[in-house]
There are 2 protein chains.
Amino acid sequence: MTQEDGAAARPRRVTVVTLSKLAGVAPSTITRALKGDPRISPKTREKISALAKEYGYTPNALARTLSSGRSGLYGIVLGPESNPLYSHILHAAMDEAESIGCRLLMLHIGMEQMDEKTAEALLQYQVDGCLITSAAIGSRAADICRENNVPLVMVNRVAERHGSFVSCDNRAGAGLLAKHLLQTGRRKFAVIRPPQTSSTARDRENGFTEVLADAGIAGVMRLNYASGWDEGYAAGGVLAGMLEGEQPDAVFALSDILAMGVIDGLRAAGIRVPQDIAVVGFDGLPESQRPTYQLTTVEQPIRMMINRAFKLLEARTKDYFLPDEQVSLGGRLLIGKSSQLT
Amino acid sequence: MTQEDGAAARPRRVTVVTLSKLAGVAPSTITRALKGDPRISPKTREKISALAKEYGYTPNALARTLSSGRSGLYGIVLGPESNPLYSHILHAAMDEAESIGCRLLMLHIGMEQMDEKTAEALLQYQVDGCLITSAAIGSRAADICRENNVPLVMVNRVAERHGSFVSCDNRAGAGLLAKHLLQTGRRKFAVIRPPQTSSTARDRENGFTEVLADAGIAGVMRLNYASGWDEGYAAGGVLAGMLEGEQPDAVFALSDILAMGVIDGLRAAGIRVPQDIAVVGFDGLPESQRPTYQLTTVEQPIRMMINRAFKLLEARTKDYFLPDEQVSLGGRLLIGKSSQLT
DNA sequence: TTGAAAGCGCTACCAT
DNA sequence: ATGGTAGCGCTTTCAA
């Protein structure tokens, strides 16, 4: 197919060759000048960058990838859209990507595992690495990545078998919540948790109950509910319907979005929060801090987590065989009116 | 750099050439066989696809793009993460992309305009087109796309000057809301709107007030508030503080997330919704249908909008010079308890 | 029905 | 300090 077909003969995009002819130098000189190679004379460099600007040259990232092996593209996999946490993670990732000059390929959203086909997209588009937040990765998909040296970093969930990850210190954070509830006089506890135990959920639950156990409290009620607002609301209704003697006076919902549902569910059934029951969550979503909730929770340092995750990824892009690295960052206890009134 | 450096000599990825040697045919035959070219004999085709499977061949999308011109990549630009609408749009777009076999490059999130640098990424990664939802595109960025024949389709906002777009019929939808409020006996109206008037906001506002005007109601109160929950909450407080005679008995918040804030703000100030004031929104977010809100609103047919948007994009990928096309889809009125009790 | 070869745009290497 | 050239992996003519 030549230039002459079609109604309008549109100008072909300007490439390094175009510029090289314009400047009367070799293509390689163009490349070097534009990427700031110190061996190029200031004069030549200036002439070339002037030309590049004038002709609106934009490098073709694909061609570059083909010859250099690096695409500047990172894959990202997000958890379900029903949890605002992932919107915030995505936003943080976008900002971080921009600051380090790379782009994000959206691969998957949802609770289900990332499938084989998605993993193949990682290869097809030659991503330099992939950020996995929450959604589990299928073993087949993980194999594909390993076989092809695509670095993977998990955020907000630990790698099941091996791999690098960045997480909030879920155990310690949950411990802070337990201590706070004990200090404010609560004695009868319930944990609302997702039925399938992710590492994150497990750590939060254990961190919570261990502190209680240390304080001599053993019997913690456990209720299984999927992790959305709707399920939390339903759980709130169930808690509200309990007999006087059975009803807990403090509830730890393993995520904020769940906790928000619990609060609404309790209130809809006439239970006062925090007077009758205190509710605490985990994540530190901005939504959970609205006046209607003022949720006591542990704030995950999302931006820092994302920053670290990209650092791990970048390092493994340069050297795939670096050993796995695990980063745990402390969360900050936010005390709101969902657990005490003053 | 040869294969021999590094600790482990990892196998080079299998390519068409690898397969061609294995099968004893030319590389072009591999390409043809794998893409189902009818000229290849069934026997050869089968042998080749068996080999491809056996050796785990994955085509390199970048190399393909370089020679064919099509990347199978679409850019996407989203509005601010504080509005769940965009999470739902993103999810719908992911599903649609999967069903047509392409991938999404996340370009920008937020209210600010998509900048020049982002537009350049469209060229660098040779995207086949770009979906713009809500965030305005800078004129410079639009120029870049036009000059380089990158098709653009807007969703949920009309193109300012020219360009294709898909939107919900905002005027008609808002009209439905007005009619409903009139039918349920409301007579004193307020519109809560964002200070900067987007086309979407304008259409909704006009569609609403025109129906009111037809019913002989002229004096509609207008309050300017940015479009998040927080601002809605503040607006609710302001409405609650109004004098008996001035207070409207029905409020149209131009988006659901804003309406949710308004409801919470009113209730926090002791105003009953819907008894004292009816509140309606626009979007049809799942969040707005929670028992705590049960918002009366107009549901945008998001999945269908996204489907149409991709169709427009695909068509313009094949022929950039197709005329602009505008699609408007009707929204569905959802009547909830935020506007009437029964 | 298949092969050969050119070329997409860029970079890296080896010369000079 | 700069030029020349091969090659990344795939597709697409043109030939056979």
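Letters go in sequence order (proteins before strands), and every chain restarts at 1.
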Qualifying ring-ring contact (aromatic ring centres under 6.0 Å, His included) pairs with a residue from residues 23-74 of chain A, counting only residues at least two apart or across chains: A:Y74-A:F310
Shortest side-chain distance from A:S68, nucleotide among D:dG3, C:dA12, C:dC8: C:dA12
For atom NZ of A:K35 and atom C1' of C:dG9, their distance in whole Å: 14 Å
Length of the line joining A:K47:NZ and D:dT2:P, which is rounded to integer Å: 9 Å
Non-hydrogen side-chain atoms of B:N156 and B:L85 separated by less than 4.5 Å: yes
Value in whole Å for how far the P atom of C:dT11 lies from CG of A:L62: 12 Å
Sugar-phosphate, base or nothing in reach of A:T44, heavy atoms under 4.0 Å: sugar-phosphate
Side-chain ion pair, B:R39 and B:D37, N-O less than 4.0 Å: yes
Short side-chain to backbone donor-acceptor contact, B:R316 and B:P323, under 3.5 Å: yes
Between the protein and nucleotides 14-16 of chain D, list every N/O to N/O distance that falls short of 3.5 Å.
none

Euclidean distance, atom CD of residue A:Q126 to atom C1' of C:dC10 [Å, nearest integer]: 14 Å
A:T31, nearest nucleotide to its side chain (from D:dG3, C:dC8, C:dC10): C:dC10
Report all interatomic pairs (protein N or O, nucleotide N or O of nucleotides 5-7 of chain D) with separations under 3.5 Å.
none

